[in-house]
Amino acid sequence: MEFHSFNPPVRTLMGPGPSDVHPRVLEALSRPTIGHLDPRFVAMMEEVKALLQYAFQTDNQLTFPVSAPGSAGMETCFANLVEPGDKVIVCRNGVFGGRMQENVERCGGVAVMVEDEWGRAVDPQKLEDALKANPDAKIVAFVHAETSTGAQSDARTLVKLAHRHDCLTIVDTVTSLGGTPVKVDVWGIDAVYSGTQKCLSCVPGLAPVSFNERAQEKIRSRGSRVQSWFLDLNLVMGYWGGGAQRSYHHTAPVNTLYALHESLLMLKAEGLENAWNRHQRHHLALRAGLEALGLRFIVPEEERLPQLNAVSIPEGVDDAAVRARLLEEYNLEIGAGLGALAGKVWRIGLMGHASRAENILLCVAALEAVLADMGAPIETGVALGAVQRALTAEA
Ligand SMILES: *Cc1c(COP(=O)(O)O)cnc(C)c1O
């Protein structure tokens with residue numbers, strides 16, 4: 001067997017992540033690797049922390065990227081905040097809420113599940129009922145932006161309810177950060193995690209997290225050791241929080257952090273509000289095109305995530321064949337359904353740098369061509385006009 005350098009094709013990434021990475025970010029990755037305790041690198045780490053505070057809209061000192069993907073951000077929150085025996089209310093309206101339950105149980109906690117239909121936001125009334133029924137609950141956990149369904153929950157209201165019942169909150173903002181408002185301090189979120197490959201449009205592999213004073217107090221007053229050595233914040237903070245006294249904990253993914261730094265600089269230059277508006281504008285244009293084709297969204301309009309558009313697959317259409325043709329003929333990736341929605345929906349991402357007019361036009365044109373060629377029951381000849389009208393109307 002002969003081996004060669006791997007040269008990936010250039011794709012347009014409109015799935016649930018990773019999303020298109022800007023050339024500036026890719027270029028940053030290829031800069032010279034320096035030591036992770038080099039003073040120049042340490043200075044850059046401080047800037048990454050400050051830029052993440054901006055992205056999360058927080059003054060929390062304990063804000064940094066965990067050296068592993070979004071799932072490790074989730075584990076960091078649960079491993080540090082949940083002690084054996086702790087009761088945690090977990091809201092589940094998709095795949096990622098189920099992973100939160102797994103995390104609670106693996107930390108020795110007791111998960112009380114609040115169930116909502118897949119494709120709907122978390123119902124605050126159900127959370128309130130669960131809080132009343134479980135006065136000994138210590139933590140409420142929920143997913144702000146459910147990437148498996150495209151539904152967005154009202155984080156501010158859910159956090160307020162949790163606090164009224166004296167619970168800490170753990171919030172998953174992997175898909176919302178940089179795409180829709182995430183206001184950690186204004187909403188009072190206690191522990192939050194995200195990922196780099198969704199609306200931040202960086203490469204995968206890092207998990208920004210942030211913890212407020214209340215969350216840190218709970219960690220400091222633990223009666224038991226955090227069961228994960230790698231994710232134990234008491235140890236990690238000697239590294240990320242140590243300033244010039246930084247001590248070795250693990251080797252930071254040096255070049256990946258250059259990439260995150262660059263992508264956060266770009267977010268700061270665009271401005272968070274402008275980024276949120278861009279995601280919303282482009283969602284409306286994509287929606288116009290998909291609906292003109294005859295495709296239907298599964299999430300009610302007021303609960304929809306602009307950056308993750310889940311539409312039903314038309315009757316009789318071969319899901320995998322369509323996605324394979326989009327990839328082969330148009331270099332376009334869209335997402336398949338996950339969990340209970342596998343085979344039933346397509347998930348079309350407009351995340352970060354992928355949220356651009358040309359991507360919307362490509363996606364709608366390619367879907368129309370492939371579906372029409374396969375004899376699917378869609379409208380032809382109207383969708384691109386609908387996208388263009390929406391783009392100019394919104395501009
Ligand atoms: C993608 C995602 C994760 C997991 O992130 P990874 O980087 O894939 O580990 C967690 N939660 C949500 C809501 C996500 O969309």
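Counting starts at 1 for both ligands and their atoms, in listed order. Predicted model, so just to flag it, every value in this text is computed and none were measured.
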Atom 8 (O) of ligand 1: nearest protein contact (heavy atom, Å) | Q197 NE2, 3.6 Å
Who's the nearest protein heavy-atom neighbour of atom 3 (C) of ligand 1, and how far?
-> F96 CE2, 3.5 Å
May I ask you to list the atoms of ligand 1 that are less than 4.0 angstrom from any heavy atom of A145?
-> 13 (C)
Check for a donor-acceptor pair, side chain of T173 on one end and backbone N or O of Y193 on the other, with a separation under 3.5 Å.
-> yes
Parallel, tilted or perpendicular: ring planes of Y239 versus H249, cut at 30 and 60 degrees = tilted
P69, G70, P204: member with heavy atom nearest to atom 5 (O) of ligand 1 | G70
Any donor and acceptor pair, going by atom type alone, linking the side chain of N80 with main-chain N or O of T76 inside 3.5 Å?
-> yes
Please write down residue, atom name and distance for the protein heavy atom closest to atom 15 (O) of ligand 1.
-> T147 OG1, 2.3 Å
Relative to the heavy atoms of T175, which atoms of ligand 1 are at a distance of less than 4.0 Å?
-> 15 (O)
Exam field: side chain K126 to backbone E115, donor-acceptor pair closer than 3.5 Å | yes
Answer whether the closest heavy-atom distance between the side chains of W118 and N93 falls below 4.5 Å.
-> no
If you measure from each heavy atom of P16 to ligand 1, is any distance below 4.0 Å?
-> no
Do me a favour and list the nearest non-hydrogen protein atom to atom 14 (C) of ligand 1 with residue, atom name and distance?
-> K198 NZ, 3.1 Å
Is it true that V311 and I360 fall in one hydrophobic cluster, defined by side-chain heavy atoms closer than 4.5 Å?
-> yes
Cation-pi check, R304 to F297: give yes when NZ or CZ is under 6.0 Å from the six-membered ring centre and within 45° of the ring axis, no otherwise.
-> yes
For salt bridge (charged side-chain N to carboxylate O under 4.0 Å, His left out), just list the numbers for E328 and R323, CA-CA rounded to whole Å, side-chain angles, deciding distance to a tenth of an Å, and then say yes or no.
-> CA-CA 9 Å; E328 282 159 25; R323 284 184 292 105; over 6 Å; no
With heavy atoms and a 4.0 Å threshold, my read on which part of E146 contacts ligand 1 is neither
Nearest protein heavy-atom contact for atom 11 (N) of ligand 1: which residue, which atom, what distance?
-> D172 OD2, 2.7 Å
May I ask you to identify the nearest protein heavy atom to atom 4 (C) of ligand 1, giving residue, atom name and distance to one decimal place in Å?
-> S71 OG, 3.6 Å
